[in-house]
J.: 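What follows is a structure written as structure tokens; I'll ask about it next.
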Amino acid sequence: MHDGECGCLEAFGQGESLLQDPSCLEELEDRLHFYVEECDYLQGFQVLCDLHDGFSGVGAKVTELLCDEYSGKGILTWGLTPVMSNMGDSQNSYRLMNTALGIVHLSSHSSLFCPLSLSGSLGIKPQPPIMFPYINYDASLNYHSSAILATALDTLTAPYRLCSSQGSMMHLAETLNFSGRKVVAAWASVPFPALHGYSLCDTLCAYQQDVPWNLLSSCGEQKVSCCFAQSVVLRGICKESHISSCLRKQPASPLHACESTEQSLQHYLHAVFPGAFSTSHVLKQPCNTLPPYPQFFSPLLTPQGFLLDKPPGYSSAAVESIPVLAALQSSPVLHTLLYGLYKDLQRLNTRRWASFFSAGVEQADFQEALEELRTLSQCYETGLEADKSEDGADSD
């Protein structure tokens with residue numbers, strides 16, 4: 001269905017219709033029940049689906065089924081979008097409508113929903129792909145982009161996947177989705193710029209104004225000064241380095257006075273995001289980057305992924321692992337994404353795309369989804385965003 005020329009899912013309604021077929025629905029339920037019965041302890045479900053095509057409709061129906069049959073279980077949904085280029089007018093309009101319908105329906109039936117992409121924007125105007133300071137990747141290669149997103153996903157989900165973890169999938173969702181904010185943004189530092197031979201405190205002190213991570217949710221912004229709540233994971237930092245740095249008689253900073261890497265990270269988050277509810281996790285295990293992981297790293301990285309002051313004078317060895325910092329945030333930056341999509345679709349002449357609605361979505365349902373998208377965006381307003389929204393409404 002992804003690669004075939006005929007029978008592909010181009011529109012949200014086609015995806016919904018697919019799971020209204022009794023044979024397809026029966027097969028899905030049979031497989032689902034088989035795996036659920038194999039579970040010793042079912043926390044919930046992770047759903048990964050495309051946002052830009054008809055698979056957003058498939059995902060909407062799947063999450064609706066899970067929500068109905070397994071109420072009380074966590075449903076964390078990740079809406080994926082590739083980096084788009086050279087799209088025609090029809091393709092771009094379909095992408096925009098699929099994305100908006102996907103966000104509204106998937107967030108409605110999920111405990112938590114996160115758009116995940118290396119694209120600079122999900123709106124009608126394309127933006128350059130996200131750039132990473134120590135990765136030289138080709139955004140047109142799924143091999144490259146999927147490796148980066150998988151690294152972020154593997155790190156973000158660690159708080160409820162590991163045996164040593166205290167929290168569950170539902171606990172993570174409940175720390176972030178209060179006040180109707182069921183959409184979250186993903187941030188990641190791949191790799192985290194930990195200096196070779198220095199402690200975590202030394203590295204964090206160098207980034208006291210801006211956290212060294214990139215936004216992976218296509219909100220059109222790369223800097224954020226506040227958030228409502230966040231779950232942060234740091235992996236691949238040796239705890240012994242913190243202990244050795246704390247042997248100094250006089251701490252170089254309040255961060256250096258902390259007794260552990262966990263305390264240092266938590267102190268740093270409270271300083272950069274005052275007033276936000278922050279949970280943090282520090283894992284010793286780094287992210288493995290051995291083959292088939294692409295070797296697209298900067299020559300400034302050691303085989304363990306730590307940062308050198310200058311490239312080595314000899315041919316550097318392959319990077320075998322990297323430290324990673326990642327976060328899920330309930331943040332005002334999501335107002336930019338959600339309200340921007342709403343405004344783009346308000347300007348779109350949907351009558352030109354009758355074929356999209358002939359696939360199963362009614363015009364009235366689409367307009368209702370648009371209003372739900374606008375309402376969802378308002379959950380992330382602060383005073384500044386509210387003023388901007390009013391100015392935009394006055395100019396229409």
J.: Is there a continuous path of hydrophobic side-chain contacts, each under 4.5 Å between heavy atoms, that joins L373 to F357?
T.: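 Yes, one cluster joins them.
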J.: Please report the shortest heavy-atom distance between L338 and S377, naming the atom on each side.
T.: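 That would be CB-CB, 3.6 Å.
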J.: How long is the gap from OG on S217 to CG on L328, to the nearest 0.5 Å?
T.: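 Atom-to-atom, S217:OG and L328:CG are 8.0 Å apart.
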J.: Minimum heavy-atom separation for H281 and S231, please, with both atom names.
T.: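 That closest heavy-atom pairing would be CD2-OG, 4.5 Å.
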J.: Quick check against the 3.5 Å criterion: does Q91 have a side-chain atom that pairs as donor or acceptor with the backbone of M87?
T.: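 Pair absent, no side-chain N/O of Q91 close to backbone of M87.
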J.: Taking all non-hydrogen atoms of both residues into account, name the closest pair between C379 and G180 and its distance.
T.: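 That would be SG-O, 3.9 Å.
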J.: Answer yes or no: is there a side-chain heavy-atom contact under 4.5 Å between Y134 and V319?
T.: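 No. Closest side-chain heavy atoms not under 4.5 Å.
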J.: Under a 3.5 Å distance rule, please check whether T302 uses its side chain to pair with a backbone N or O of Q304 as donor and acceptor.
T.: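 Looks like yes, one N/O pair under 3.5 Å.
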J.: Under the salt bridge (Lys or Arg N to Asp or Glu O under 4.0 Å) definition, can you give me all pairs with a residue in residues 56-69, not counting sequence neighbours?
T.: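 Matches after skipping sequence neighbours: K61-E64.
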J.: Look at the side-chain heavy atoms of Ile, Leu, Val, Met, Phe, Trp and Tyr, link any pair under 4.5 Å apart, and say whether L32 and V62 land in one connected group.
T.: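 Hydrophobic grouping puts L32 with V62.
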J.: Do we see a donor-acceptor contact under 3.5 Å between the side chains of S168 and Q43?
T.: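 Q43 and S168 do not have a side-chain donor-acceptor pair below 3.5 Å.
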J.: Assess the side chains of H105 and S108: does a donor N or O sit below 3.5 Å from an acceptor N or O?
T.: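 No.
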J.: Does the pair T203 and I237 meet the rule for a side-chain contact (heavy atoms from CB on, under 4.5 Å), with working shown?
T.: CA-CA 11 Å; T203 302; I237 298 296; over 6 Å; no
J.: Return yes if some donor-acceptor pair links the side-chain N/O of S264 with the main-chain N/O of S260 below 3.5 Å, else return no.
T.: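 Answer holds: yes.
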J.: Membership question, hydrophobic clusters at under 4.5 Å side-chain separation (ILVMFWY): are L348 and V361 in the same one?
T.: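 Same cluster.
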J.: Rounded to the nearest 0.5 Å, what separation is found between the OG atom of S199 and the CG atom of L255?
T.: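 The distance works out to 9.0 Å.
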J.: Report all side-chain donor-acceptor pairs from residues 188-196 shorter than 3.5 Å, counting only partners two or more places apart or in another chain.
T.:
| residue | atom | partner | partner atom | Å |
| --- | --- | --- | --- | --- |
| S189 | OG | P191 | O | 3.2 |
| S189 | OG | P212 | O | 2.8 |

J.: Excluding sequence neighbours, so at least two apart, what forms ring pair (Phe, Tyr, Trp, His ring centres under 6.0 Å) with Y70?
T.: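 Counting only residues at least two positions away or on another chain, Y70 forms a ring pair (Phe, Tyr, Trp, His ring centres under 6.0 Å) with F45.
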J.: What pairs with D365 under side chain to side chain contact (heavy atoms under 4.5 Å, CB included), at least two apart in sequence or on another chain?
T.: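 D365 satisfies side chain to side chain contact (heavy atoms under 4.5 Å, CB included) with E362, E368 only.
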J.: Hey, does the side chain of D21 reach the backbone of C24 with a donor-acceptor pair shorter than 3.5 angstrom?
T.: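 Yes, the answer is positive, given that a donor and an acceptor are paired below the 3.5 Å cut-off.
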J.: Can you give me the closest heavy-atom contact between C219 and L334, atom names plus distance?
T.: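 Shortest heavy-atom separation between C219 and L334 comes out as SG-CD2, 4.2 Å.
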J.: Would L283 and V233 satisfy side-chain contact (heavy atoms from CB on, under 4.5 Å), going step by step from the backbone distance to the final call?
T.: CA-CA 8 Å; L283 309 176; V233 180; 4.0 Å; yes
J.: How long is the gap from OG on S298 to CG on L307, to the nearest 0.5 Å?
T.: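 Answer rounded to 0.5 Å: 7.5 Å.
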J.: Distance only, no hydrogens: is a donor on one side chain within 3.5 Å (strictly under) of an acceptor on the other, for R95 and N92?
T.: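 Looking only at side-chain atoms, N92 and R95 do form a donor-acceptor pair, the distance falling under 3.5 Å.
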J.: Keeping the roles fixed (side chain from T175, backbone from L172), state whether a donor-acceptor pair exists under 3.5 Å.
T.: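 Judged by distance alone, yes, a pair lies under 3.5 Å.
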J.: Among all residues two or more places apart in sequence or in another chain, which pass the ring pair (Phe, Tyr, Trp, His ring centres under 6.0 Å) test with F273?
T.: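 In terms of ring pair (Phe, Tyr, Trp, His ring centres under 6.0 Å), with neighbours along the sequence ignored, F273 is linked to no residue.
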J.: Does anything in residues 152-174 pair up under ring-ring contact (aromatic ring centres under 6.0 Å, His included), and if so which pairs, sequence neighbours excluded?
T.: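 Applying ring-ring contact (aromatic ring centres under 6.0 Å, His included) to every pair that reaches into residues 152-174, excluding sequence neighbours, yields nothing.
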J.: T81: what forms a side chain to side chain contact (heavy atoms under 4.5 Å, CB included) with it, not counting sequence neighbours?
T.: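 T81 satisfies side chain to side chain contact (heavy atoms under 4.5 Å, CB included) with L51, H52, S117, L122 once adjacent residues are dropped.
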J.: Within this structure, what is the CZ-NE2 distance for the pair F296 and H144, rounded to the nearest 0.5 Å?
T.: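 Output value for this atom pair is 6.0 Å.
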J.: Any side-chain to backbone donor/acceptor pair from S107 onto F113? Under 3.5 Å, distance only.
T.: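 A pair under 3.5 Å: no.
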J.: Return yes if some donor-acceptor pair links the side-chain N/O of T289 with the main-chain N/O of S321 below 3.5 Å, else return no.
T.: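 Yes, T289 side chain to S321 backbone: donor-acceptor pair under 3.5 Å.
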J.: Shortest non-hydrogen contact from A60 to F12?
T.: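 Scanning both residues, the minimum pair turns out to be CB-CZ, 3.7 Å.
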J.: Is there a donor-acceptor pair under 3.5 Å between the side chain of E10 and the backbone N or O of G54?
T.: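 Such a contact is absent between E10 side chain and G54 backbone.
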J.: Pair H109, L66 - check side-chain contact (heavy atoms from CB on, under 4.5 Å), show working.
T.: CA-CA 8 Å; H109 299 132; L66 294 175; over 6 Å; no
J.: Strictly distance-based, threshold 3.5 Å: is any side-chain N or O of N177 a donor or acceptor partner for the main-chain N or O of S111?
T.: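 Such a contact is found between N177 side chain and S111 backbone.
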J.: Given the rule in the side-chain contact (heavy atoms from CB on, under 4.5 Å) test, do W78 and L149 qualify, once you have shown the distances and angles that lead to the verdict?
T.: CA-CA 11 Å; W78 309 85; L149 294 179; over 6 Å; no
J.: Membership question, hydrophobic clusters at under 4.5 Å side-chain separation (ILVMFWY): are Y143 and V83 in the same one?
T.: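 No, V83 does not connect to Y143 through the hydrophobic network.
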J.: Excluding sequence neighbours, so at least two apart, what forms side-chain hydrogen bond (donor to acceptor under 3.5 Å, both in side chains) with D344?
T.: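 Counting only residues at least two positions away or on another chain, D344 forms a side-chain hydrogen bond (donor to acceptor under 3.5 Å, both in side chains) with R347.
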J.: Who pairs with Q329 by side-chain hydrogen bond (donor to acceptor under 3.5 Å, both in side chains), at least two apart in sequence or on another chain?
T.: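 Q329: side-chain hydrogen bond (donor to acceptor under 3.5 Å, both in side chains) contacts with W187, Q230.
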J.: Not counting sequence neighbours, which residues clear side-chain hydrogen bond (donor to acceptor under 3.5 Å, both in side chains) with Y94? List them please.
T.: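 By the side-chain hydrogen bond (donor to acceptor under 3.5 Å, both in side chains) rule, Y94 matches S355.
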J.: Once you round to the nearest 0.5 Å, how far does CG of L370 lie from CG of L341?
T.: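 Here the rounded value is 9.5 Å.
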J.: Report the distance from atom CG of L269 to atom SG of C227, rounding to the nearest 0.5 Å.
T.: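 Taking CG in L269 and SG in C227, the distance rounds to 8.5 Å.
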J.: Any donor-acceptor pair under 3.5 Å linking the side-chain atoms of E29 with those of H33?
T.: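 The answer is no; no qualifying pair exists.
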J.: Using every non-hydrogen atom in the two residues, find where G120 and I130 come nearest and quote the distance to one decimal.
T.: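 It is CA-CD1, 4.2 Å.
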J.: Do Y293 and T151 pair up side chain to side chain, a donor and an acceptor below 3.5 Å, judged on atom types alone?
T.: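 Distance-only check passes for Y293 and T151.
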J.: Going by salt bridge (Lys or Arg N to Asp or Glu O under 4.0 Å), name the residues that satisfy it together with D154, two or more places apart in sequence or in a different chain.
T.: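 Salt bridge (Lys or Arg N to Asp or Glu O under 4.0 Å) list for D154, sorted by chain: R161, R235.
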J.: Can you list everything that forms a side-chain hydrogen bond (donor to acceptor under 3.5 Å, both in side chains) with Q14? Sequence neighbours excluded, please.
T.: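 Result, side-chain hydrogen bond (donor to acceptor under 3.5 Å, both in side chains) vs Q14: none returned.
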J.: Is a donor on one side and an acceptor on the other found under 3.5 Å between the side chain of Y207 and the backbone of W213?
T.: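 Checking the backbone N and O of W213 against the side chain of Y207, no donor-acceptor pair under 3.5 Å is found.
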J.: Are F366 and W353 linked, directly or through other ILVMFWY residues, by side chains that come within less than 4.5 angstrom of each other?
T.: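 Same hydrophobic cluster.
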